[in-house]
Amino acid sequence: MPASSRALESLLRELNDAQREAVMTTDGPLLVLAGAGTGKTRVITYRIAHLLLRGVAPENILGVTFTNKAAREMRERIAALTGGRKPRGLTLSTFHALGVRILRAECAAIGLRKNFTICDASDQVSRLRTVLRDIKGPVSAGDARAILATISLAKNRLASPEDLVDDATDEYDYLIARAYLRYQEGLKTQNCVDFDDLILLPARLLESSPEICAHYRQRFRWLLVDEYQDTNGAQYRFTRALVDPARRNVCVVGDDDQSIYGFRGAEMDKILRFEQDFPGARVVKLEENYRSTSDILELANAVISQNAGRHPKRLRATAGRGAPVRWVTVPSSEDEVDWIVREILDLTQRRGSRPDDIAILMRSAMQARPFEEKLRLRRIPYRLIGGQSYFDRKEVRDAIAYWNVAHNPSDDMSLLRIINTPRRGIGNTTIARLDALARDRKESLVATLERVAAGAEGFSSAVRAGAKGLSDAFARAQERARAGRFEELCRGLLDDVSYRDALAELYSDPLTLQSRWGAVEDLLSSVKRFDESPASDGPESFGEFLAALALQGDDDHEDRDEHQHAGLVLQTLHSAKGLEYPVVFLIGVEDESLPHRKSIEDGDRGIEEERRLFYVGITRARQVLYLTSATFRSAYGKEHLRRPSRFLSELRESVGADGLPLSPLWENSSYRPAAKAEGDDVRNYLDEYRRLRELQDG
DNA sequence: GTAATAGTAATTTTT
DNA sequence: TTACTATTAC
């Protein structure tokens, strides 16, 4: 087709040599090492567009990303490249969404029913606490979270409870293994899966069933995995299973230097070992950086070169030098806030920056608070990214729990969440009795509830009335489900139980109530949109909707975030990955904070990950980068003496020792606030520093 | 069954 | 300091 070959040519002209090689190497294993700001997304989208223009059928291409947002953006950009219309049949999705699809299609082979529900993070904690109570383990939320993290890491390497037993060395290990076993049993009887299962179950299925595996290999002949440095063990095996050994058309894209999710199971050795996994693999390094000034990149290169385990590479600037990186030391964390806010006012009022150009990046979310206070005081618009998500809100989770039960009546955990919300006289004692009864009869909690509502012996009339109210509501929901009117189902269910009144009781302030119920209304409006969409047809599609919700697919809210373009940004280093800003303040560049105290305890592995985090922070900046370190940092109501981050001091030493003709990597300055007017609260920082030093040394 | 109180621990996060 | 949870008292 001449039209598409012309389109292809113009596509390829827009790329540099390395990018073009990555785009044109369509067959065989390919590793694209895409440094920060080197046009990674461009390579991925052009590569897929290239395949499509060459005539590859869209349904034979699978692109896997880590976030829904990334998948959505890629889809749009590919559509733009291939002539505006979205290629039908092209699969661009997250690992988890792909997992849901496979589970839905192959649930019979796994022992799940089609109406399975996905339980979320806090649901997981509740489940585990129930299990821990049963096996007489520690039941505090903290313990449960810790054990859950261990179980999750086990699942992320496809380890079974039995595997944990094999590896156990002490009582605690056995306890975790037992908890894991019970936890999985609970999920299974309730026809539920957790997030880890969305990867683990399909991965195991593909590995154990050659026929099913062959089917997917036949379908997905070109595989592309983004953010490969972040894949965990299960995702790795999932991917490997999908690669047809005869074709080996697998392209992975990532940057080992930006692997910052080790704590949730990411295994960066996979990207280091790709060439062993796929002998003969082509490796393309993207090192030309289109984002930052050369001053910023020099610092970034120097920092990351201190890491041992990495693919050697070096970012090259395409931009000029720009302003030197400024490292500012301040006496205290309060002064850090003062200084930065003053600098921001100067930038915006005198030097022509817009608040939108500026980001304040921090190691931990907690560090945002003093900035928020000060920015509000000075009426500087800001947005705090991350933090409590929409889906963590009580009312949102309650609503979803109601709908989960309507869809999957075996989902006891969702029922437990709302069994007494709104209050209907079913307290802890009653719940325990219901639970025991359900176990005895090996039935779901909903079934028990129905029997109580129908007048099962031994329950008070108040309890019976409560049970009847709830089970009637679910019965009506079933009717509406059969009619295929999901908005009616969802709204009706909440109406039937007077959920809004319960919220009103909880939040007497009308504004709060408005915002709380507003969140539920938002959910309902996405149900409505779903109802009107062609996808809505039959109860199965309701399950798809609920799954999409669980996978954070409420597009409404994502949109809202993006259109909120007001003000500077406060966010953690983790959540800033992939983003860029003209002006970046990277705060708390101190030992114990960056690297974080906990990671220091983990030894070299922890330190290297923190160094990558620092590198990620540095490479977010386009033109201006500030680093700040405080001598005293307030945390948890106490002041702690801090020393500058080793990530800077190590450079001072090693760069000097090399005898390199250094252009300094940064411009150092310190800020001392003018003494406050009245003597009583003037602090002599030097004295205090000496005093604490002595305390520390002695 | 609920409300008040004391005690404890404290990264990073998407799906 | 704060936020959350376990315990205790009503």
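Convention: sequence-line order gives letters A, B, ...; per-chain numbering from 1.
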All N/O contacts under 3.5 Å from nucleotides 2-12 of chain B to the protein, with atom names and distances to one decimal?
unit_1: dT2(B); atom_1: OP1; unit_2: Arg423(A); atom_2: NE; d: 3.4
unit_1: dT11(B); atom_1: O4'; unit_2: His596(A); atom_2: NE2; d: 3.3
unit_1: dT12(B); atom_1: OP1; unit_2: Ala365(A); atom_2: N; d: 2.8
unit_1: dT12(B); atom_1: O4'; unit_2: Arg363(A); atom_2: NH1; d: 3.0
unit_1: dT12(B); atom_1: O2; unit_2: Arg363(A); atom_2: NH2; d: 3.2

For [Y], is the NZ or CZ atom of [X] found under 6.0 angstrom from the centre of its six-membered ring and inside 45 degrees of the ring axis?
X: Arg264(A); Y: Tyr261(A); result: yes
X: Arg433(A); Y: Phe459(A); result: yes
X: Arg104(A); Y: Phe116(A); result: yes

Which whole-number value in Å describes the distance from [X] [atom1] to [N] [atom2]?
X: Asn156(A); N: dT15(B); atom1: CG; atom2: C1'; answer: 11 Å
X: Glu372(A); N: dT2(C); atom1: CD; atom2: C1'; answer: 14 Å
X: Asp196(A); N: dT13(B); atom1: CG; atom2: P; answer: 18 Å
X: Leu549(A); N: dT14(B); atom1: CG; atom2: C1'; answer: 16 Å
X: Arg264(A); N: dT14(B); atom1: CZ; atom2: P; answer: 7 Å
X: Met362(A); N: dT13(B); atom1: CE; atom2: C1'; answer: 16 Å
X: Leu551(A); N: dT14(B); atom1: CG; atom2: P; answer: 14 Å
X: Asp197(A); N: dT14(B); atom1: CG; atom2: C1'; answer: 16 Å

Which residue lies more 5' along DNA chain B, comparing Gly425(A) with Leu198(A) via nearest heavy atoms: Gly425(A)
Touch class at under 4.0 angstrom, heavy-atom based, for Phe66(A) against every strand present: sugar-phosphate
dG1(B) OP1/OP2 closer than 4.0 Å to side-chain N/O of Thr430(A): yes
Distance test, side-chain N/O of Asn68(A) to OP1/OP2 of dT15(B), below 4.0 Å: yes
Main-chain N/O of Arg424(A) paired with Asn420(A) side-chain donor or acceptor, under 3.5 Å: yes
Flag, side chain of Asp335(A) to backbone of Ser332(A), donor-acceptor distance under 3.5 Å: yes
When you compare the side chains of [X] and [Y], does any donor N or O come within less than 3.5 Å of an acceptor on the partner?
X: Glu336(A); Y: Thr628(A); answer: yes
X: Asp398(A); Y: Thr421(A); answer: no
X: Asn307(A); Y: Asp257(A); answer: no

Set out, line by line, the N/O atom pairs under 3.5 Å between protein and nucleotides 3-7 of chain C.
unit_1: dA3(C); atom_1: OP1; unit_2: Arg369(A); atom_2: NH2; d: 3.1
unit_1: dA6(C); atom_1: OP1; unit_2: Arg129(A); atom_2: NH2; d: 2.6
unit_1: dA6(C); atom_1: OP2; unit_2: Arg129(A); atom_2: NH2; d: 3.2

Base orientation of dT8(B), syn vs anti, 90° cut from 0: anti
Any Gln184(A) side-chain heavy atom under 4.5 Å of Asp197(A) side chain: yes
Nucleotide opposite dT11(B) in a Watson-Crick or G-U pair, distances under 3.5 Å: none
